[in-house]
Amino acid sequence: MSKSSAQYSQYAQHHPHDHGRAFQRRPALAAAAAIPLPATDDAYTIVHAGKQVRFGPVVFWIVVGTVVLLGLWSAATATYFAFRDDVLTRLIARQAEMQYAYEDRIAELRAKVDRTTSRQLLDQEQFDQKLDQIMKRQTALESRATALGAMPDVTGSIPRATPQRGDSSQVTPKPSPISDTVIFVAPPDREARLESRAPTVATPPTNQFAKNQGFDNVLVRLTTSLDQVERRQMAALSAVEEGMDSRMRRMRGVVSDLGLNLANLESAVPRTAMGGPFVPVKLTANAGPFEKQLSRINTTRAEMDRLNRTLALVPYRKPVIGEVEFTSGFGVRSDPFLGRPAMHTGLDFRAATGDPVRVTANGKVVSAGWSGGYGRMVEVDHGNGLSTRYGHLSEINVKVGEIVKIGQVIGLVGSTGRSTGPHLHYETRIEGEAVDPQKFLRAGVRLSAG
């Protein structure tokens with residue numbers, strides 16, 4: 001391809017037969033050469049096998065650009081295939097690394113979920129265990145409260161009406177006609193004292209509290225409340241035991257001070273209808289302080305009950321109701337009729353005609369009727385050499401041979417016999433000998449103290 005290729009068309013074709021005439025045609029060729037040809041500088045010609053192909057510049061550069069692009073594409077493709085394995089390897093390694101990272105993350109999250117679930121299950125199990133322990137402890141405390149409330153009174157006193165809970169003022173109970181003595185007003189009985197100490201288990205509003213503070217705080221509150229209840233129960237039990245021990249000491253001391261033989265008194269106690277198989281008292285191996293202390297109290301209570309039955313034969317109570325006023329004491333006095341010294345074998349209690357006279361101890365009526373200077377008189381034998389006499393009665397309500405109990409009305413105050421006015425003549429005798437009744441009344445004061 002060349003721009004000069006077109007110049008060959010300006011000269012005539014040379015034929016081999018024209019060798020002899022060549023010189024003659026030169027002027028014609030020269031003339032033809034003088035004719036100007038069109039300019040073809042902007043065209044490109046390709047000669048191939050005697051044929052000429054002409055291209056314009058736009059087509060030429062398009063072809064050149066296409067060839068260049070194909071070359072670049074080929075080079076890029078060759079480079080891609082040359083480095084394809086490395087790129088794929090790195091890409092696969094990157095994907096594998098990302099996959100391993102995700103799997104590790106998933107495993108970590110699963111482990112965290114498992115730990116959380118395990119912790120929740122453990123917390124739930126611990127909560128259930130704590131709640132079960134609290135429920136068992138509450139049941140035990142309720143049974144203890146029932147045992148405290150059911151504990152009978154063993155002091156030997158006559159039950160008194162307890163004040164209402166709504167009454168904040170301190171109420172002094174009315175003196176008992178039998179249990180109180182000359183100068184003593186007995187306190188409320190021990191059962192009322194236990195009732196005042198009986199703990200009240202208040203259930204806190206756990207629902208809203210649990211929502212606001214959590215179940216753990218609820219359990220802590222419940223445990224604290226149960227601890228307080230248990231402490232109050234132990235304190236009440238200790239007070240009961242201390243009171244029983246103190247009364248036991250006083251009861252034994254009274255018998256000793258009166259000069260009585262406890263064994264003889266016990267043998268004189270009439271046997272009541274009782275029976276049953278012998279079952280030894282024993283504690284379980286897991287018995288706690290409350291159970292041990294309660295066992296000691298039950299043992300002491302049985303002993304105190306036996307002493308109460310024994311002391312029920314001792315006339316240490318007063319025979320009339322209300323405030324006591326003596327008109328004449330035991331011992332030597334001036335006789336109210338003769339004005340001469342005489343032995344007064346009892347106590348004269350001021351009382352109105354018709355006031356009830358009550359027996360001061362269990363026993364059996366051995367005399368009921370007119371008896372000289374006593375007027376209408378009742379004598380009661382309490383056993384073991386102890387007896388009491390009630391004189392100057394206006395009316396007798398018992399008969400000989402009748403069994404009487406503490407506090408039973410045996411007659412009414414009067415002024416029969418050798419008497420200057422309505423009053424009760426009261427005597428206590430040991431083996432038939434008159435002794436000062438105040439000795440027994442003071443023993444009753446000592447027993448009733450506390």
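Position 1 is the first residue of the sequence, and the numbers go up from there.
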Worksheet item: Can R333 and D348 be said to form a side-chain contact (heavy atoms from CB on, under 4.5 Å), step by step?
Response: CA-CA 12 Å; R333 69 172 182 176; D348 289 342; 3.4 Å; yes
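- At most 12 non-hydrogen atoms from other residues, nucleotides or ligands lie less than 6.0 angstrom from CD of E433.
- Partners of D335 under the side chain to side chain donor-acceptor pair (under 3.5 Å) rule, at least two apart in sequence or in another chain, are R418.
- Taking every heavy atom of both residues into account, L313 and N362 meet most closely at CD2-O, 3.7 Å.
- Nearest approach of P315 to T360, heavy atoms of both residues: CB-OG1, 3.2 Å.
- I321 places a side-chain heavy atom less than 4.5 Å from the side chain of R358.
- The closest side-chain heavy-atom distance from V255 to L311 is below 4.5 Å.
- Listed for the S415 side chain is a donor-acceptor partner under 3.5 Å among the backbone atoms of G421.
- L441 places a side-chain heavy atom less than 4.5 Å from the side chain of K318.
- At most 12 heavy atoms of other shown residues, nucleotides or ligands fall within 6.0 angstrom of atom CE in M135.
- Interatomic distance, I410 CD1 to T388 OG1, rounded to the nearest 0.5 Å: 6.5 Å.
- Taking the six-membered ring for Trp and thresholds of 30 and 60 degrees, Y426 and F349 have ring planes more than 60 degrees apart, a perpendicular arrangement.
- No side-chain donor from either of R252 and S256 sits under 3.5 Å from a side-chain acceptor of the other.
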Practice prompt. Could you walk me through whether T300 and R247 pass side-chain contact (heavy atoms from CB on, under 4.5 Å), step by step?
Written response: CA-CA 10 Å; T300 305; R247 183 169 178 81; over 6 Å; no
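- The shortest distance between side-chain heavy atoms of R110 and I106 falls below 4.5 Å.
- In this structure, L69 CG and S74 OG are separated by 10.5 Å, a value rounded to the nearest 0.5 Å.
- Here D305 contributes atom CG and N298 contributes atom CG; the two are 12.0 Å apart, rounded to the nearest 0.5 Å.
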Worksheet item: Would R105 and Y100 satisfy side-chain contact (heavy atoms from CB on, under 4.5 Å), going step by step from the backbone distance to the final call?
Response: CA-CA 8 Å; R105 181 60 177 167; Y100 294 152; over 6 Å; no
Discussion item. I'd like to know whether L424 forms a side-chain contact (heavy atoms from CB on, under 4.5 Å) with D355, so could you lay out the CA-CA distance, the side-chain angles of the two residues, the decisive distance to 0.1 Å, and finally the verdict.
Written reply: CA-CA 10 Å; L424 172 67; D355 286 348; over 6 Å; no
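- Within a 6.0 Å radius of CZ in F337, other residues, nucleotides and ligands contribute more than 12 heavy atoms.
- Using a 4.5 Å heavy-atom threshold, the side chains of V254 and V314 count as separate.
- With rounding to the nearest 0.5 angstrom, the CZ atom of R350 is 12.0 Å from the CZ atom of F326.
- For the residue pair V404 and V359, the shortest heavy atom distance occurs at CG2-CG2, 4.0 Å.
- With R301 as the partner, the side chain to side chain contact (heavy atoms under 4.5 Å, CB included) test is satisfied by one option alone out of M248, E241, R296, M244: M244.
- The closest donor-acceptor contact from the side chain of S367 to the backbone of E379 lies at 3.5 Å or more, if one exists at all.
- Scanning all heavy atoms of the two residues, the minimum distance from L447 to Y316 falls at CD1-CZ, 3.5 Å.
- By the 4.5 Å heavy-atom criterion applied to side chains, M377 and E427 are not counted as neighbours.
- The stretch residues 232-276 participates, sequence neighbours left out, in no ring-ring contact (aromatic ring centres under 6.0 Å, His included) pair at all.
- No salt bridge links R442 with D257; every basic N to acidic carboxylate O contact stays at or beyond 4.0 Å.
- Atom NE2 in H392 sits 10.5 Å away from atom OG in S371 (nearest 0.5 Å).
- You'll find the side chain of V380 reaches within 4.5 Å of the side chain of H382, heavy atoms only.
- Nearest heavy atom pair, residue R429 against residue G432, reads NH1-O, 2.8 Å.
- Side-chain atoms of T66 come within 3.5 Å of backbone N or O of I62 as a donor-acceptor pair.
- Counting heavy atoms of neighbouring residues, nucleotides and ligands inside a 6.0 Å radius, atom CH2 of W370 exceeds 12 of them.
- Here CZ of R94 is found 15.5 Å from OG1 of T89. Values are rounded to the nearest 0.5 Å.
- At a cut-off of 3.5 Å, with distance as the only test, no side-chain donor of Q95 or Q99 sits close to an acceptor on the other residue.
- A donor-acceptor pair under 3.5 Å is formed between the side chain of S394 and the backbone N or O of V413.
- Counting all heavy atoms, side chain and backbone alike, R389 lies closest to Y374 at NH1-OH, 3.0 Å.
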